[in-house]
Amino acid sequence: MTLKVGVIGGGQLARMMIPAAINLGLDIRVLAEADGMSAGLGATAVGDYRDEATVLAFAEGLDAITFDHEHVPQAILHALVDRGYQVHPGPDALRYAQDKLDMRAKLSELGLPVPVWARVETVTELEQFLADNGGAAVVKTARGGYDGKGVRVVRSADEAEDWFRTLAEDGRGGALLVEELVDFRRELAQLVARRPNGEIATWPVVETVQQDGVCAEVIAPAETSIATPLAENIGRRIAEGLGVTGVLAVELFETTDGRLLVNELAMRPHNSGHFSIEGSVTSQFEQHLRAVLDLPLGSTAATAPASVMINILGGPAEGTLSDRYPAAMAAQPTAKIHNYGKDPRPGRKVGHITVTGDEVDEVAYRARAAASHFQ
Ligand code: ADP
């Protein structure tokens with residue numbers, strides 16, 4: 001019988017699961033938020049993921065349910081589990097990707113390395129944290145942030161006053177996460193897949209380069225350092241300790257003194273793993289589908305010594321990405337172009353380029369040269 005998998009959320013992550021599902025002969029269905037979304041190809045339903053009846057109707061007959069984002073409310077996730085659906089990652093794991101305060105508390109409890117952090121409810125508490133931590137800190141909203149939205153470097157508690165006000169207006173007794181401003185040498189990401197039976201696969205750790213809080217480039221594998229061998233162990237401990245099923249991305253800081261600290265978690269395929277479509281024997285998208293269906297995981301071995309992925313952010317000021325194909329394809333025949341079918345908009349992730357090859361500098365040069373055609 002054909003296996004049926006449902007993806008809640010219609011962004012590019014759901015879109016990139018579709019070719020992997022086709023290759024495996026899976027029946028993949030997407031619940032998109034609106035018409036015309038990135039994953040709006042094939043068996044797409046349109047509806048609100050915050051509405052229980054909509055999600056339950058979508059779930060009917062599915063062998064596994066997974067996600068393109070982490071925003072499905074806990075009550076709806078539990079309603080699915082209570083009705084016997086296979087939900088991966090499940091609500092008890094996903095809560096740590098939904099709330100940065102819960103995540104920091106859980107990782108600290110498990111003894112994993114994290115930046116110095118605190119839960120702050122008032123300007124006075126934030127002032128105290130700043131005084132205790134050298135006068136600078138990073139304040140984050142616990143929920144709803146992405147691509148650096150909801151992250152602010154502050155040197156005075158007044159700079160987060162508007163966020164405290166929003167919390168007070170909300171009236172639900174919320175708090176902000178504050179953490180030390182980490183002096184990092186670079187950012188890394190460890191990608192892990194875990195299936196319900198406990199099998200785990202890890203990819204080689206990668207370096208991620210951010211611009212204005214948004215991932216711009218990924219270099220796979222990351223150049224080896226004293227810290228890089230620790231990443232895999234951290235990834236495994238988080239996947240097991242939190243009971244994650246599916247793909248997990250662990251964003252890490254490598255500090256100037258050679259330590260690794262966990263920044264963020266994502267429990268789904270992640271921008272840091274897009275290189276794996278061409279650069280790994282099993283892509284993160286195929287692996288995610290295998291994992292959520294509790295099938296044996298594929299090899300994560302590299303297909304080439306180096307892969308570099310460049311995001312296309314914003315896209316051309318005029319026209320569409322495909323208008324630029326003739327020039328880009330002629331100039332960079334080794335570049336693999338991924339177009340998410342989204343309208344160009346400043347800063348928006350509308351596609352990416354991956355180049356694989358023998359030598360990282362040459363691969364990076366070619367990838368950047370190809371991406372430059374789409375600005
Ligand atoms: P988002 O959930 O919006 O992606 P992150 O928590 O990953 O937010 O933060 C976005 C970026 O901000 C990180 O990739 C990093 O460059 C920077 N950043 C976040 N936390 C810290 C920190 N404690 N110290 C220094 N830089 C940080």
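Ligands are counted one by one from 1 in listed order, and the atoms in each one are counted from 1 as well.
The distance from the CG atom of Leu77 to the CG atom of Asp82 is 10.5 Å, given to the nearest 0.5 Å.
Considering only residues two or more places apart in sequence or on other chains, His88 meets the ring pair (Phe, Tyr, Trp, His ring centres under 6.0 Å) condition with none of them. Residues forming a side chain to side chain donor-acceptor pair (under 3.5 Å) with Arg345 (at least two apart in sequence, or on another chain): none. With sequence neighbours left out, the ring pair (Phe, Tyr, Trp, His ring centres under 6.0 Å) criterion links Phe164 to no other residue.
Taking a heavy-atom cut-off of under 4.0 Å, ligand 1 is surrounded by Lys100, Val138, Lys140, Tyr146, Asp147, Gly148, Lys149, Val151, Glu179, Glu180, Leu181, Val182, Phe184, Glu187, Gln210, Glu251, Phe253, Asn263, Glu264.
For the pair Gln12 and His352, the minimum side-chain heavy-atom distance is 4.5 Å or more.
A donor-acceptor contact closer than 3.5 angstrom is absent between the side chains of Glu278 and Thr356.
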